[in-house]
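Everything on this sheet refers to the single structure shown next.
Since the structure is predicted, the reported quantities are computational estimates derived from the model, not experimental observations.
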Amino acid sequence: MKFINLVSSLSLVATLALASPFSEKVYGEANAQLIEKRDANGQPIDPVTGKGGPILGGTNHQIDLANPDNLAAQSTDNGLVTNLKWSFSDSKTKIFNGGWTRTQVVTDLPSSHDIASAQQHLKKGALRELHWHRVAEWGYVYSGEVLVSAVDEDGNYQVDKLGVGDIWYFPKGAAHTVQGLADENEYLLVFDDGDFESVGTTFMVDDWIAHTPKSILAKNFGVNASVFDTVPTTDPYILNATVSPAPITGPESGLTGNSSYVIHRSQYGSVPVPGGGGNLSIIDSRNFPISKTIAATVVSLSPGGLRELHWHPNAEEWLYFHSGTARATVFIGGANARTFDFSAGDTAVFPDNSGHYIENTSKTENLVWIEIYKSERVADIPLTQWLALTPADIVASTLKIPLSVVNQLKKEKQVLIKGN
């Protein structure tokens, strides 16, 4: 019965739209209410036309409710766009004595060619064991405090403490480790290769030593071979330890200034946001010179706000949604577009040069996310600015819109637009 009532309500809205002098406002408000009703029901029924019908077979209703745009909410969606979303909650969590980790790699999200990622948790004193990668590693601390230690090929080294909002970048091949300093610590890891879990990507020091003849180890280190009898034969990955008393390194270490593997929150600040819809920070090789292959933005968008329509000319965009709820439509050309819904813990990838926006769907909560690009810099081209800086008559002729409308378009990037 409730689905029949929904269709009847749609007919009433259409009548109001024709009869009332305030038809646009009435229809818009009523349509929004119907969309909310459809979303609350979690059923594939078009709120305007009444097309579709209830799901009578097996379904995960909670997933349906969380993804209303998979139920044909946007009439502008069209064509074939592959899945561009993966939730960390769908990842297999690996538990260790000192914490846990869960990853998102290309086998989870095949569209993410450039980037793989992980959430990682360390208890106080716990160590992500000594290791290195054939790819670069980028880390963002979002809870607690950690100690990082790294060494490069020239014997330069760095030991530093990082708190919430601080970032590290270890170039390909740099030896490093991470230790938890607070009672509970957690961070986002990003790697500049989607196929991160393939063999030959990560190299653990104890794994290597355990698979090297002890006579060779003795000769290499100049010690008795028996020293290595207690080296773990099974990779511990994360292990318990006591907090290191090692001091923070200074200029003598070599990895300082433009060579530093660390940038603190106080060093990168925020960029201007003319649209007044929130805050945005850019971290790339222009303010973090060592970060040659990973560029990032950290974004906080106000309730109802919009990350304006734009595209990125230099890379895929990988995203991690830290808090809040969002909607984004991705346009990949050839009349192909698809809308996705996001919540905390979701990751996504927007294909190279695809057009898109991100909207905060909450009326009360800020939307916080991180954007990652396999590039030395962050770059975007907003749709509005492009049209505003193109001869107005050409734009008007192309889009069949009044010249006066084109002349009112803002020539400055708005970035984050405040919600109504």
Check residues 256-263 and write down every donor-acceptor pair under 3.5 Å in which the side-chain atom is one partner and the other belongs to a residue at least two apart or another chain.
{"unit_1": "Ser260", "atom_1": "OG", "unit_2": "Gln158", "atom_2": "NE2", "d": "3.0"}
{"unit_1": "Ser260", "atom_1": "OG", "unit_2": "Val262", "atom_2": "N", "d": "3.1"}
{"unit_1": "Ser260", "atom_1": "OG", "unit_2": "Val262", "atom_2": "O", "d": "3.0"}

Backbone of [Y] reached by a side-chain donor or acceptor of [X] within 3.5 Å:
| X | Y | result |
| --- | --- | --- |
| Asp284 | Arg286 | yes |
| Lys413 | Asp380 | yes |
| Thr201 | Glu197 | no |
| Ser112 | Val106 | no |
| Asn67 | Asp64 | no |
| Gln62 | Asn60 | no |
| Gln43 | Ile55 | yes |
| Asp77 | Thr339 | yes |

- prompt: So, Lys214 and Asp229, do they make that salt bridge, N to O below 4.0 Å?
  reply: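 Salt bridge: yes.
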
* **Carboxylate-amine/guanidinium proximity below 4.0 Å for Glu184 and Lys123** =>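 A salt bridge is present here (some side-chain N lies under 4.0 Å from a carboxylate O).
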
query: By salt bridge (Lys or Arg N to Asp or Glu O under 4.0 Å), which residues pair with Arg377, not counting sequence neighbours?
result: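 None.
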
ask   = Who passes salt bridge (Lys or Arg N to Asp or Glu O under 4.0 Å) against Lys85, sequence neighbours left out?
value =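 By the salt bridge (Lys or Arg N to Asp or Glu O under 4.0 Å) rule, Lys85 matches Asp346.
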
For residues 233-247, please give each side-chain donor-acceptor pair under 3.5 Å, one per line with the distance, not counting sequence neighbours.
{"unit_1": "Asp235", "atom_1": "OD1", "unit_2": "Tyr237", "atom_2": "N", "d": "3.0"}
{"unit_1": "Asn240", "atom_1": "ND2", "unit_2": "Asn97", "atom_2": "O", "d": "3.4"}
{"unit_1": "Ser244", "atom_1": "OG", "unit_2": "Ala246", "atom_2": "N", "d": "3.2"}

**OP:** For Phe221, check side-chain contact (heavy atoms from CB on, under 4.5 Å) against everything at least two apart and list the hits.
**Re:**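 Partners of Phe221 under the side-chain contact (heavy atoms from CB on, under 4.5 Å) test: Leu217, Val223, Phe228.
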
Going by distance alone, is a donor N or O of one side chain under 3.5 Å from an acceptor N or O of the other, for Tyr357 and Glu359?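 Side-chain D/A pair, Tyr357 to Glu359: absent.
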
| query | Does a donor on one side chain and an acceptor on the other come within less than 3.5 Å for Tyr142 and His322? | reply |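 No.
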
Once side chain to side chain donor-acceptor pair (under 3.5 Å) is applied, what residue pairs with a partner in residues 162-178 remain, sequence neighbours excluded?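 Qualifying pairs: His131-His176, Glu137-Trp168, Glu137-His176, Asp166-His264, Tyr169-Thr293.
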
